[in-house]
Number of protein chains: 2
Amino acid sequence: MPTKYVYEFSEGSADQRELLGGKGANLAEMTRVLGPDRVPAGFTITTEACVEYMREGTEPPGLEEQVDEALAKLEERAGRRLGDPEDPLLVSVRSGARESMPGMLDTVLNLGLNDRSVEGLARATGNERFAWDSFRRFVQMFGNVVRGIRGERYEDAIKAAKRDREVKQDTELDVDALRELTGTFRSIYREETGEEFPADPREQLRHAIRAVFDSWSGERAVAYRRLNGIPDEWGTAVNVQQMVFGNKGPTSGSGVAFSRDEVTGAPEPSGDFLIDAQGEDVVSGVRNTLDIARLADELPDAHRELMDILRTLECHYKDMQDTEFTIEEGRLYLLQTRAAKRPAQAAVRFAVDAVEEGLLTKPEALLTIDAAALDALLHPTFDPQVDYEVLARGVAASPGAAKGEIVFTAGAAVRAAGEGREVVLVRPFTEADDVAGFDAARGILTSEGGKASHAALVARGMGRPCVCGASDLEIDLSAGTVSVNGTTLSEGDRIAIDGTTGTITVDDVPLIEPEITEEFRTVLAWADEVRELGVRTNADTPADARRARQFGAQGIGLCRTEHMFLAADRAPKMRAMILAADRDERRAALDELLPLQQEDFEGIFEAMEGLPVTIRLLDPPLHEFLPHPADVERDVERARIEQSDDLQELEHTLERVHSLAETNPMLGTRGVRLGILHPEISEMQVRAIARGGRAVRERTGHAPHVEIMVPLVDYERELELMRELIVRTAEEEGLEDYSVGTMIELPRACFLADRIARHADFFSFGTNDLTQTALGFSRDDIEGKILARYIDMRILDRSPFEAIDEPGVGQLVRMGAWLGRKEKLDLKLGICGEHGGDPQSIAFFAESGLDYVSCSPYRVPVARVAAAQAAARIRAWEPD
Amino acid sequence: MPTKYVYEFSEGSADQRELLGGKGANLAEMTRVLGPDRVPAGFTITTEACVEYMREGTEPPGLEEQVDEALAKLEERAGRRLGDPEDPLLVSVRSGARESMPGMLDTVLNLGLNDRSVEGLARATGNERFAWDSFRRFVQMFGNVVRGIRGERYEDAIKAAKRDREVKQDTELDVDALRELTGTFRSIYREETGEEFPADPREQLRHAIRAVFDSWSGERAVAYRRLNGIPDEWGTAVNVQQMVFGNKGPTSGSGVAFSRDEVTGAPEPSGDFLIDAQGEDVVSGVRNTLDIARLADELPDAHRELMDILRTLECHYKDMQDTEFTIEEGRLYLLQTRAAKRPAQAAVRFAVDAVEEGLLTKPEALLTIDAAALDALLHPTFDPQVDYEVLARGVAASPGAAKGEIVFTAGAAVRAAGEGREVVLVRPFTEADDVAGFDAARGILTSEGGKASHAALVARGMGRPCVCGASDLEIDLSAGTVSVNGTTLSEGDRIAIDGTTGTITVDDVPLIEPEITEEFRTVLAWADEVRELGVRTNADTPADARRARQFGAQGIGLCRTEHMFLAADRAPKMRAMILAADRDERRAALDELLPLQQEDFEGIFEAMEGLPVTIRLLDPPLHEFLPHPADVERDVERARIEQSDDLQELEHTLERVHSLAETNPMLGTRGVRLGILHPEISEMQVRAIARGGRAVRERTGHAPHVEIMVPLVDYERELELMRELIVRTAEEEGLEDYSVGTMIELPRACFLADRIARHADFFSFGTNDLTQTALGFSRDDIEGKILARYIDMRILDRSPFEAIDEPGVGQLVRMGAWLGRKEKLDLKLGICGEHGGDPQSIAFFAESGLDYVSCSPYRVPVARVAAAQAAARIRAWEPD
């Protein structure tokens, strides 16, 4: 039997993407679901035919006959013939590879028109202008797409025609003008190709099919494949489909219909339509469309059929649908269906309703939600009913809206918050020193930096709205003003920012507070039933810890101890510790810090009520706690001039500040290296943990489970030494329920994870630093300078600090997880980088076999849903 | 047949390390080579016996009998019996695992002594004091080592004995005192163990053997195994050996002998000996030793036998030997033999002689050389005949000695060199700006930083002697003085440094220039015959290129173009380019740089006469070419005060300097990222390469083969875009013989090397940056602050910037090489980090299948020999 190269739509299904291409398989599936009369009929020429064509340089034997046969059936079903001078059948020809591929021949519409059939179309639609406009478009599209004639040649001819007739718009060209233009277009074709424009529809079709095959080897398609790793040998399919017309009079029409309300998710179909119009008229907004409910009045049969079909499609595709339809002389055709885009609240509503209606199982319902979009439900927003004037725009760096008086320093923010005032912290950029101000401010606004800047990261971590990199702002810190587009604002003036959209305004826009609706709560509960990945939070304060627990966090995956040393009452003691002249002086300073640190831990342990708390030992280089060298230099200079008594001490500070300064602090004396150099600091922290834990157990009866985490380990022995110190100190302090583990955040650690695992009870992958080191990307330096350009040049599609870089950083994580578990089967594995809150990355971590992700409190609900989706997808692959 | 647990030395050989342990196998091998009469007889109890003992908690059945049997043979061969009251046999008992393992029981000497046999020993040696001293040492050692009695108990008793007798030294204790002390020691034994000190030599031996077995499970041995990854199940062997005595009168003696002159390598044995003495007397220097040649006069037979044996050992071990011997009553025993440590010139001399004598093949001869030590032959040295006063010491950072006037700035160095003066550049530390001064100075001296500091790296690269981190120096740049230990030197004062030893002096020590001797030349020629790895050089100037060719470099593996922009005539143009207000201004600045850059390339191409030259496109962040922000701020301030016309321009510079400043420059906007952001810079460089190549071809007839190298690639598409730019520009300029490749110097690139290889003709592994990123170690920040501490704490044994970190960075290199070759079989692979000049790392690269290493000019000879050694070793593994 000869190879079957041609499949009618009614023969195929969705799982035949390889053979029929994506588009062909989709059309077949819709035909299968709705029956052959509801989808304009047609057929698909297989990718195998294309592969044969490429190999042999000509159509494979039998293809032409099979196309003829399929066409004959199509004509029979449609009751019209290609090229018929009365009521001609017209077809579209489209390419369709296994994956959507820009750069290939896309579409030829209206194929089948010629001098005779155009008159038939005019009669059938009662619209001569439409018929001739369709013809001239076909000639143009065919010449351009099938034969590669430059578009300008046609554009020039249209311009000339408009000039001749002294009109401005294409739509003003009348039938005569269009007829003449069609002639001109055919002359262009003759000039460019040396051939007459084919009048025979069969010849038109042969040309178009061959053009689709050839386009697979076209320069742009090849370049696209190279870039996206698509094999050359896939080939493309060709889809030939009957065209239907919604502009054939009062019983015809076109429209779009959603299976449910696309804004609220309420279970009533929504959409728009127009009578006697084509689809593009509905979309273009030239005419006022009617609500889909009105279709019941205009064409009640079609309306009833459409409602049934929407329900059928929802059941079949297990998701809310967004469809395009055309009614041709009373007969309803579905042209397309796809999952409906919808705002977060509608997605949640649909998921809950669909389960209650018995339409979907819980895992299926969860998979219909865009987890990333749920973020919008957790933050205040500007009231969408109120108009306001945009002062400037920046990067939408951390979602939510905030209003308040402008302050320019963290100190001012803290003071104002102490007085009960609401403030927005406005800075060119922020640094570690400013973190206290983040907590005190309602929102953060910067003129520099992007989504991965310090301000953005900290704001997201703390759930503070943040707009970054609003480069139109001119901030004069010494004058205490911010100027933008002619407006100058001073400290104390009110401002409002929306970190979800990046807008800034001085209008007093009312804010709407978020609420976790009953439906959202239901979805989250289902997510917890379905997911296997634990969800913890990154929290450094009791307030964050409590918030995260409200959002469902199952523990703290990362508690950074350094932020605790930046508070006003600790910073001077921390500095004294660092500047200590000898070990005794340092111990004395540490003794003063210990009770404060203990207090911090007690607050967090209480908030977590016995859930696990992963505490990371001090990580940043010590110079981060010291003043900037330039500031100290200025102080020294002043003291020298004033012959101040402080001079000697200031000079000592300057010397120490200089000696601690680093060229690349990210790669310097930090993490475990600090613990090796200054074991007394780690010791103090372990004591504070132990004592805090005991105090909380005695007070509340909840013994915290502490996981002590050593950061930045490279070498097995680093962890071995630190573990010795931790165990020794914990024993001295009588700490019982604890474990010791490490951040895996350096490429070397991933390679040596088996050896490191010997000394670890758990690993937490620090994907922020792992990304920085594996890619050689300093987040602070790359974002803003490089990332945007890289995305423009298609080197990257998302920032590697947002979505885990799977082939590089992701493989390192997998290698680390695998080697770690090889050595120690019950090693607990988590991840605590920014990526722990990104749904795409969460799916990767779930597939990598991690035990939990940890993310900022406000991302916890997102992570719960994303984790459930990952589990649902993984189960779908697994054999029963 | 029962398991054989005991092997006489004459039964074993060197390849039985697993069964007999390292020491046992060595003793057996020496016995096998020299015959059973030349090595004090003995036997080895196998590691299997130890394993059985550990498993069962008791000696395996048959062991005791086998030991008795071996002991009987030993007594028979020695003609003495253990415990004999006349002339007793004494034995030593030693542990000996497969690998040498500190932390285990080491040695018990003089086993077999008791109240009766001590008298026999006294009679046999005619030395009663010696006999009793041996006995009390045995009792002490046995109690301490075998039964774990604390050493202080014995020390206290000795102190008391000396107090009683009013003497100061142990040696002043007479026979009576020693006899009494032995009694006291036995009382201590009784008190501590509750048992009598065993008088029966058989019981002594049983105890000692069991103690060796037990020591395998001792705390320190277990800790050592954990740290070094030695399996617990290996077990240790036990060696029991007859003791011989060189202090038995005028026909006895002890000594050390080298098979050749250990200083020059000349083919005459050397060494020292003493008549009527034990080995420790020779080593301790208490008596004046005699030259080994004098043995011919004293004991001519023993001398002749020794000479024969030395020759035999050299033949057998295929290397120059360092032996210990004892003559007991005219009978010569060899106690130990091992490869002789020797200075580089002796190593070279031996290698050449050994081949000429037919003793060794060329590969064998090459393997006897310590390649790293050859470095010493390539640099001037202080005349070793002349004494001088050391002013201070620092880190020996780059070998060779240098003298000259002190200068404190690169500019001063350049001016002085221009006037023909010799200078030494003295700085607290150095930076990119100082590089011109390195070339102009004879040597570099810094008070900060270590072997991996900028100064050390650049100095080694340029072959300049350098002493770093001489922390006693107080350098006052503004005063133009350097003070050290009370001496203050000013600019222009003369100073001398030795970068091989780290010493600094103000004495006018004469320097000895190095010469590549005929023998060294021979060795290098053989290395070239044997090696498979190519050896190229890292060279940025024609002078370096020529020097490297003299040393045998086969091409340039890394030509850094950034150094070219630091020269006095280029720096202002480079700054103008960076500070350009728009693209036109930048192009104009680049047009001025182009001919200068072309000149640079011409010089290098001419020097290399058609050998391949790998040119790396601009790599460092642009701010490295700009003045420091603090300097510009000062200038702006001054201009403001003086109301200078330059103010506006200076402010512009300041703004640009600030906008280019980076938190972590190592991970910032550099490498290929520069080329993507500023393609016009790369374009200029490719044009300069092409035009320079053409000019040289026309002038000399040698067409250079250029390899254009793109640094710091992470993503396939980065290289794809750069390749497009390079190919387009090269075609415009008519460049023909060139290839395009990339540095692989980021962990991600190693993981994605197959995709990157699609656009690369070659890879060069940049192991410096790969080490920095894989380990998260900023070279500038870690060295000096962390490395020393890490080596102290046994986290590291060598700096990862000197020797490649095999399990981390090394595996990344192998992964990159494997993936690259998988995609492209003929991909050329090289390495151009500092590690390219380190013999241990070169062996790793050879095993990894790389095509070449590239190192600084002065390391080229070292690399040639190291590469030959690697090839010889690899061939030795391979089946024939």
Side-chain angles (χ1 to χ4, degrees), chain A residues 226-227 229 621 629-630 633 659-671 673 676-677 712 714-718 720-721 745-752 755 758 769-782 785-786 789-790 793-796 800 805 807-809 811-812, chain B residues 226-227 229 621 629-630 633 659-671 673 676-677 712 714-718 720-721 745-752 755 758 769-782 785-786 789-790 793-796 800 805 807-809 811-812:
Chain A
R226 291 281 167 287
L227 198 59
E633 263 169 32
S659 83
L660 286 173
E662 294 183 308
T663 315
N664 297 293
M666 158 74 209
L667 310 176
T669 303
R670 47 170 292 231
R673 300 163 198 170
I676 302 278
L677 279 190
L712 213 75
D714 251 327
Y715 297 95
E716 176 189 2
R717 184 152 166 79
E718 289 173 322
E720 185 183 28
L721 289 168
E745 53 188 333
L746 293 170
R748 187 185 202 273
C750 296
F751 273 86
L752 278 298
R755 294 203 206 159
R758 292 180 195 159
D769 279 0
L770 196 57
T771 300
Q772 296 200 85
T773 47
L775 273 62
F777 266 13
S778 166
R779 201 162 54 189
D780 294 343
D781 300 310
I782 290 295
K785 288 189 185 163
I786 293 284
R789 173 92 177 162
Y790 266 40
M793 306 281 288
R794 302 191 53 197
I795 295 170
L796 283 171
D805 165 52
V809 180
Q811 289 309 311
L812 278 166
Chain B
R226 292 282 166 288
L227 198 61
E633 262 169 33
S659 83
L660 287 174
E662 294 183 309
T663 314
N664 298 292
M666 157 73 209
L667 310 175
T669 303
R670 46 170 292 230
R673 301 163 197 172
I676 302 277
L677 279 189
L712 212 75
D714 251 326
Y715 297 95
E716 176 188 2
R717 185 152 165 79
E718 289 173 322
E720 185 183 28
L721 289 167
E745 52 186 334
L746 293 170
R748 188 185 202 274
C750 297
F751 273 86
L752 279 298
R755 295 203 205 157
R758 293 180 194 158
D769 279 0
L770 197 55
T771 300
Q772 297 201 83
T773 47
L775 273 62
F777 265 15
S778 167
R779 201 163 52 191
D780 294 341
D781 300 309
I782 290 295
K785 288 189 186 162
I786 294 284
R789 173 93 179 160
Y790 266 41
M793 306 279 289
R794 302 192 52 198
I795 296 170
L796 283 171
D805 165 52
V809 180
Q811 289 310 310
L812 278 165

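Just so it is clear: chains get the letters A, B, ... in the order the sequence lines come, proteins before strands, and each one is counted from 1. Given the structure is predicted, the values throughout are model-derived calculations rather than measurements.
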Inset, instruction - Below 4.5 Å from any heavy atom of chain B, which atoms of A:L752 appear? Answer side chain, backbone, both or neither. - result: side chain
Inset, instruction - May I ask you to say whether A:R670 pairs ionically with A:D769, meaning some side-chain N is under 4.0 Å from a carboxylate O? - result: yes
Inset, instruction - Using a cut-off of under 4.5 Å on heavy-atom pairs, state which of B:A774, B:A749, B:P629 scores highest against chain A. - result: B:A774
Inset, instruction - Could you check if a side-chain atom of A:L667 sits within less than 4.5 angstrom of a side-chain atom of B:L775, using non-hydrogen atoms only? - result: no
Inset, instruction - Return yes if some donor-acceptor pair links the side-chain N/O of B:E718 with the main-chain N/O of B:R673 below 3.5 Å, else return no. - result: no
Legend entry - Structural part of B:L721 lying under 4.5 Å from a heavy atom of chain A: side chain
Inset, instruction - Among A:G668, A:P621, A:P665, A:C750, single out the residue with the greatest number of heavy-atom pairs under 4.5 Å to chain B. - result: A:P665
Legend entry - Under 4.5 Å from a heavy atom of chain A, the part of B:R789 involved: side chain
Legend entry - For chain B, the option from A:S778, A:G808, A:P807 that forms the most heavy-atom pairs under 4.5 Å: A:S778
Inset, instruction - Say whether, by atom type as modelled, one donor and one acceptor occur between the side chain of A:N664 and the main chain of B:M666 under 3.5 angstrom. - result: yes
Legend entry - Close side-chain approach of B:F751 and A:P747, heavy atoms under 4.5 Å: no
Legend entry - Side-chain heavy-atom pair A:R748, B:V809 within 4.5 angstrom cut-off: no
Inset, instruction - Name the region of B:F777, side chain, backbone, both or neither, that has any atom closer than 4.5 Å to a heavy atom of chain A. - result: both
Legend entry - Greatest number of heavy atom pairs closer than 4.5 Å to chain A - which of B:I676, B:L746, B:L770: B:I676
Legend entry - A:R794 CZ to B:R717 CZ distance, which is reported to the nearest 0.5 Å: 6.5 Å
Inset, instruction - Let me know if A:L796 has heavy atoms under 4.5 Å from chain B in its side chain, its backbone, both or neither. - result: side chain
Legend entry - Which portion of B:E720 sits near chain A, non-hydrogen atoms under 4.5 angstrom: side chain
Legend entry - Winner by heavy-atom pair count (cut-off under 4.5 Å) against chain B, out of A:A661, A:G671, A:G776, A:S659: A:G776
Legend entry - Heavy-atom pair of closest approach, residues B:R758 and B:E716: NH1-OE2, 3.4 Å
